[in-house]
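Read through the structure below, which is laid out as structure tokens, and then see the notes.
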Amino acid sequence: MAIKQLSVFAENKPGALVEITDVISESGIDMRALSVADTGDFGILRIIVSDTEKAEKILTEKGFVTKVTPVLAVKISDEPGALTKAIKLLYKESINVEYLYAFIASSKKNAYVVLRVADNEVAERILTENGFGTVTEDDIQNL
Amino acid sequence: MENRYFQPEFETMPEKDIKALQTKKLIRQVKHVYENVPYYRNLMDEKGVKPEDIKTLDDLRKLPFLSKADLREAYPYGLLAVPLSKCVRIQSTSGTTGKRVVAFYTQNDVDMWEDCCARAIVAAGGTKGDVCHVSYGYGLFTGGAGLHGGSHKVGCLTLPMSSGNTDRQVQFMMDLGSTILCCTPSYAEFIGETLKERGIKPDENKLKAGIFGAEPWTEEMRRDIESLLGIKAYDIYGLTEISGPGVAFECEEQRGMHINEDHFIAEVIDPDTGEPLPEGSRGELVFTSLDKEAFPLIRYRTRDICVLTRGKCTCGRTFVKMTKPLGRTDDMLIIRGVNVFPSQIEAVLINQGYSPNYQIEVDRVNNTDTLDVFVELSPEHFSDTIKDVERQEQSLQSAMKTMLGIVPKVHLVAPKTIERSEGKAVRVIDKRKLHD
């Protein structure tokens, strides 16, 4: 099942990221995963948080531009080649990975990879049929 | 000295004779326009003025003004005063919200315009023996066609280079021994820098003079260009609506541009009240074209702010002189020789579903004008992928290119980050220092 990712627009200037993370931490929301993509001009901060709706509401109120996108979070076992195997499975089915980033849940001692693909359902089916576990919104709350 | 003037009988005509000639032509022109241009006849009727009321130059103030808005409203044929079959040419300029201004020319109109450009070339020291290198853009823009025609009239060897392809410009300039360069001042500076980079010293080229216009430039730029190219740099002024470059031109004194008063009446008015101001006052420049047959504009408001002065000029010309435009009464910007209105950029944003929160930044980098447009991003245009956001920027860029004719660099910025002063957004930041 897909989980919600919150993307926030950040101008390429000093302090832009801190402004966003400050707002999130001040409202008592936990960040589970984070990645930044940037060009010379601007950046996009992508985060997985404990309460997406609340984070989106607060950031929008503060004047940030945000977008919620469903992404796939896949559990990756701690063995060599596990991530490669997952990506190869998608590649064979011509599923293009737009971007991905990894995070670790210390409580579970597990690694996870967030995948952005065009069709989450198809990608999830391929991965679960091949023994990969995916993360649900409930799991995110408890990580 | 020989060849000081192209048409000395007019260029050095005593002031009272010029006034008499202008009066005669004005009476004829008002009659021609009233009879053949219903658009202007209606304006005159509304003001209660008849052609018979125009007897002296002072009567000019009774006549209604024309503005760019009239030209847009009357587009394309509304101000045409002769049958199309008598026209041999159109030229065009960009206008607000993408609508162009189209001007028509009969063969006589083209001849008159080319004579004006020939006067400018001769005033810059041009003669039959010169090689005149025309690097203004050719096409709808009047720069290329005007100086090209003027160069023919003088009898120079004309190089129709058009703008761009600097390698070829430099090659022809050196191989064919160009002696007079005609282009925008920023392009002249660019060519000069290019020569310098290639180790070609100012005394190694054959250039002696340059005729530069179509965009604002400063005395400092003049000195730069003169030392880079080893020439004397002359200013030229004009506008497509009135004919094109050559409405006014600089002489050897290089202090102000002589207006071709046998063809045009220049007035300076108070832009708020429309009242004519005495010579020597700063105000909006207004032109009446006395000889144009196809597209004769009466009291056309240029929106350029300048000062007119009449006095003895060491060159011997008697025509009144205008300063370089000292500013504009509207918010028009001239970028790389192209007229740009902030409202055009606003129109693109609204068309593409953006809120019109934007800022335009104009600068001059390596002698080329740059145009950066900062646009506040809204949630519906945001995406989690860089690719999609960049696609939004490119889509705005190409729509603006279509509208303006030049390519801006669009930057999406966070909402409410564009500087506002007293609640009003600052729309234009012009970092070029164009007015001394």
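Being a predicted model, the structure only gives us computed values, none of them experimental.
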Donor-acceptor pairs under 3.5 angstrom involving side-chain atoms of residues 27-34 of chain A: please list them, not counting sequence neighbours.
residue, atom, partner, partner atom, Å
S27(A), OG, V23(A), O, 3.0
S27(A), OG, I24(A), O, 2.9
R32(A), NE, I140(A), O, 2.8
R32(A), NH2, I140(A), O, 3.3
R32(A), NH2, Q141(A), O, 3.0

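Listed in order of number, the residues of residues 35-50 of chain A that approach chain B to under 4.5 Å between heavy atoms are A37(A), D38(A), T39(A), D41(A), F42(A), I44(A), R46(A). Residues of residues 84-101 of chain A lying under 4.5 angstrom from chain B, judged on non-hydrogen atoms, are E98(A), Y99(A) by number.
Taking OG from S7(A) and CG from D384(B), the interatomic distance works out to 4.5 Å, rounded to the nearest 0.5 Å.
Of the possible polar contacts, one joining the R222(B) side chain to the A233(B) backbone as a donor-acceptor pair under 3.5 Å is found. With hydrogens and angles ignored, the 3.5 Å screen pairs a side-chain donor or acceptor of D139(A) with a backbone N or O of T136(A). Checking side-chain atoms of E137(A) against main-chain N and O of K4(A) turns up a donor-acceptor pair under 3.5 Å.
Here K324(B) pairs with D235(B) in a salt bridge; the nearest charged N to carboxylate O distance falls below 4.0 Å.
G337(B) approaches F141(B) most closely through the heavy-atom pair O-CE1, 4.4 Å.
Ring pair F382(B)/F9(A) is perpendicular by interplanar angle, where above 60° counts as perpendicular and below 30° as parallel.
Only the backbone of V8(A) comes within less than 4.5 Å of a heavy atom in chain B; its side chain stays farther off. Heavy atoms closer than 4.5 Å to chain A are found nowhere in E380(B), neither backbone nor side chain. T66(A) touches chain B through its backbone: at least one of N, CA, C or O sits under 4.5 Å from a heavy atom, while the side chain does not.
Take D372(B) and apply the side chain to side chain contact (heavy atoms under 4.5 Å, CB included) test, not counting sequence neighbours, and it matches E361(B), T370(B), F374(B), K409(B), H411(B).
With contacts defined as side-chain heavy-atom distances shorter than 4.5 Å, the pair Q5(A)/V68(A) does not qualify. Side-chain contact check for K75(A) versus T134(A): every heavy-atom pair is 4.5 Å or farther apart.
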